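Structure incoming, see below.
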Amino acid sequence: MRFATWNVNSIKARLPRLLEWLDATKPDVLCLQETKVAADAFPSAEVGELGYATAEYGQGRWNGVALLSRIGLDDVRRGFAGEPGYPDPEARAISALSGGIRFMSVYVPNGRTPDDPHYTYKLSWLAALRTALATDVAAGPLVVAGDFNVAPTDDDVWDPRVFAGATHVTPPEREALAGIRAVGLRDVVGRPLKGDHPFTYWDYRAGMFHQNKGMRIDLVYASPDVAGRVTDAVVDREARKGKGPSDHAPIVVDIDG
DNA sequence: ATGCCCTTGTAACAAGGA
């Protein structure tokens, strides 16, 4: 089985790239983030032609997550128990059962700056996610994948000095990630196809991708049974190249069975 | 080479992204 996660930064703008990538990569399950469309505008018919069922959770202009699967989607859940809002709940998490595994696609709040109310929201959102995942991980095989908007270590940013005092690298954010792992989830790190760091995001500006000045903020957290079945994991930086890419690259994971 | 912000909503910019 092959699954993947990808922050597409608008599924409408990315649709040609997404369809091309699906046809070439053929994941069984794909976790999508930042779809930026209302549910009724999701291109379900287009991905359906490639054999994918869709479960989407959208709110329009901002956020939006979805799951695609060509092996079935059951027991779809939008959001999670105790999820905070800003001030209202946003479309940032969706999960479903597929191939005997519960997949959750997450788009963690950005946080903006450490002194911004959005940063407090981010930390409370991650704390509530931890609580919800403690229940989910006890229920069976689990994969939580998406844009966590946190670089787990200083090795996960291209220059830690540049990020001093900024969001995405603060100790409370990293502790929140550690808390999520502590419920019984393992960090499945993709191989970088170039360079030493498995970055998944490169800013559009100033040729950052071409200088490999990136960040590892997209993560795959898997329960031990799933993590133990991993045969390969890759950051598909090819998808960051060319005309009209997302600023994030997908992570593609292969598992036995 | 991979190549030097992008997307959406709304109407020339505003806001968010990380």
Side-chain angles (χ1 to χ4, degrees), chain A residues 5-18 20-21 24 32-43 56 58-66 85-88 90-92 106-123 125-126 146-170 172-174 176-177 192-195 197-219 234-250:
Chain A
T5 181
W6 196 6
N7 178 326
V8 288
N9 184 19
S10 167
I11 198 164
K12 283 185 185 173
R14 217 64 58 214
L15 189 57
R17 294 285 304 242
L18 174 65
E20 174 188 21
W21 184 86
L32 291 165
Q33 302 87 38
E34 281 207 88
T35 53
K36 295 185 175 178
V37 289
D40 59 4
F42 195 95
E56 85 296 306
Q59 61 180 72
R61 182 178 190 178
W62 303 116
N63 312 313
V65 286
Y86 193 73
D88 300 317
E90 301 177 305
R92 295 184 176 276
V106 296
Y107 176 49
V108 176
N110 175 288
R112 300 176 190 165
T113 58
D115 61 351
D116 192 290
H118 208 258
Y119 177 83
T120 307
Y121 169 49
K122 179 181 195 173
L123 292 180
W125 198 92
L126 285 166
D147 180 356
F148 281 76
N149 272 320
V150 181
T153 74
D154 279 353
D155 277 342
D156 296 314
V157 294
W158 62 273
D159 184 352
R161 294 170 295 180
V162 172
F163 294 88
T167 184
H168 292 61
V169 300
T170 65
E173 291 168 278
R174 288 175 170 171
L177 281 191
L193 292 178
K194 181 180 179 182
H197 300 272
F199 297 144
T200 62
Y201 163 86
W202 301 262
D203 196 295
Y204 284 124
R205 290 168 283 192
M208 298 291 269
F209 175 64
H210 319 288
Q211 302 167 67
N212 199 25
K213 293 180 175 178
M215 306 172 75
R216 184 171 82 98
I217 53 175
D218 299 88
L219 306 173
V234 174
V235 181
D236 183 7
R237 70 190 304 282
E238 297 298 312
R240 182 63 178 79
K241 298 180 180 179
K243 180 178 173 57
S246 170
D247 44 3
H248 294 252

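Predicted, not measured: the structure shown is a model, and the values here were computed from it. Naming: A, B, ... by sequence-line order, numbering from 1 per chain.
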Who passes side-chain hydrogen bond (donor to acceptor under 3.5 Å, both in side chains) against A:E90, sequence neighbours left out?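 Counting only residues at least two positions away or on another chain, A:E90 forms a side-chain hydrogen bond (donor to acceptor under 3.5 Å, both in side chains) with A:R92, A:Y121.
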Roughly how many Å is it from CD in A:E173 to C1' in B:dA18, rounded to a whole number?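 Answer to the nearest Å: 10 Å.
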Please determine whether a side-chain nitrogen or oxygen atom of A:S10 lies at a distance below 4.0 Å from atom OP1 or OP2 of B:dT8.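 Result: yes.
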Parallel, tilted or perpendicular, as decided by the 30° and 60° cut-offs, for the rings of A:W6 and A:W21: tilted
Taking the nucleotide of DNA chain B with the nearest heavy atom to each, does A:H210 or A:I11 sit closer to the 5' end?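 Whichever sits nearer the 5' end wins; that is A:H210.
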Atom-to-atom span, CZ of A:R216 to P of B:dA18 - whole angstrom: 16 Å
Euclidean distance for P, B:dA11 against B:dA1 (whole angstrom): 43 Å
Nearest whole angstrom, please: distance from the C1' of B:dG3 to the CG of A:N212.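 So the CG-C1' distance, A:N212 to B:dG3, works out to 14 Å.
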Quick one: side chain to side chain contact (heavy atoms under 4.5 Å, CB included) partners of A:K122, sequence neighbours excluded?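 Applying side chain to side chain contact (heavy atoms under 4.5 Å, CB included) to A:K122 gives A:V108, A:P109, A:L126, A:N149, A:V150, A:T167, A:H168, A:E173.
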What protein N or O atoms touch nucleotides 13-17 of chain B N or O atoms at under 3.5 angstrom, if any, and at what distances?
unit_1, atom_1, unit_2, atom_2, d
B:dG17, OP2, A:R112, NE, 2.8

Return the set of residues passing ring-ring contact (aromatic ring centres under 6.0 Å, His included) with A:Y201 (not counting sequence neighbours), or none when no residue passes. A:H248
Using the C1' atom as the point on both nucleotides, what is the distance between B:dA15 and B:dT10, in whole Å?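 Straight-line distance between the two C1' atoms is 12 Å.
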Scan A:M215 against the nucleic acid and name what it touches under 4.0 Å (heavy atoms): base, sugar-phosphate only, or nothing.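 Result for A:M215 = sugar-phosphate.
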Test ring-ring contact (aromatic ring centres under 6.0 Å, His included) applied to A:H210 - qualifying residues, sequence neighbours left out: none
Listed partners of A:P152 passing side chain to side chain contact (heavy atoms under 4.5 Å, CB included), at least two apart: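 So A:P152 forms a side chain to side chain contact (heavy atoms under 4.5 Å, CB included) with A:D156, A:L177, A:R216, A:L219.
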Going by side chain to side chain contact (heavy atoms under 4.5 Å, CB included), name the residues that satisfy it together with A:D116, two or more places apart in sequence or in a different chain. A:Y86, A:R112, A:T113, A:H118
Interatomic spacing from CD in A:Q33 to CD1 in A:I11 - rounded to 0.5 Å: 10.5 Å
Parallel, tilted or perpendicular: which describes the rings of A:F199 and A:W202, with under 30° parallel and over 60° perpendicular?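 A:F199 vs A:W202 ring planes: perpendicular.
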With A:Y204, which residues qualify under ring-ring contact (aromatic ring centres under 6.0 Å, His included), at least two apart? none
For the C1' atoms, the ones on B:dC5 and on B:dA18, what distance do you get once it is rounded to whole angstrom? 13 Å
The answer to which of A:G244 and A:Q211 contacts DNA chain B further toward the 5' end, by nearest nucleotide, is A:Q211
Between B:dA12 and B:dG17 - P atom distance, rounded Å: 25 Å
Sorted by number, the residues of residues 151-168 of chain A with heavy-atom contact under 4.0 Å to DNA chain B: A:H168
For A:K12, which residues count as a salt bridge (charged side-chain N to carboxylate O under 4.0 Å, His left out) partner, sequence neighbours excluded?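 A:K12: no salt bridge (charged side-chain N to carboxylate O under 4.0 Å, His left out) contacts found.
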Can you tell me the distance, in whole Å, between the CG atom of A:N7 and the P atom of B:dT7?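 Going from CG in A:N7 over to P in B:dT7 covers 12 Å.
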Tell me: CZ of A:R237 to P of B:dG3, nearest whole Å? 11 Å
Tell me: CG of A:L219 to P of B:dA18, nearest whole Å?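 Taking CG of A:L219 and P of B:dA18, I get 13 Å after rounding.
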What is the distance from OH of A:Y201 to P of B:dC5, rounded to the nearest Å?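 Nearest whole value for this atom pair: 12 Å.
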Give each protein N/O atom lying under 3.5 Å from an N/O atom of nucleotides 10-12 of chain B, with the pair distance.
none

So, using side chain to side chain contact (heavy atoms under 4.5 Å, CB included) as the criterion, who are the partners of A:D159 when residues are at least two apart? A:R161, A:V162
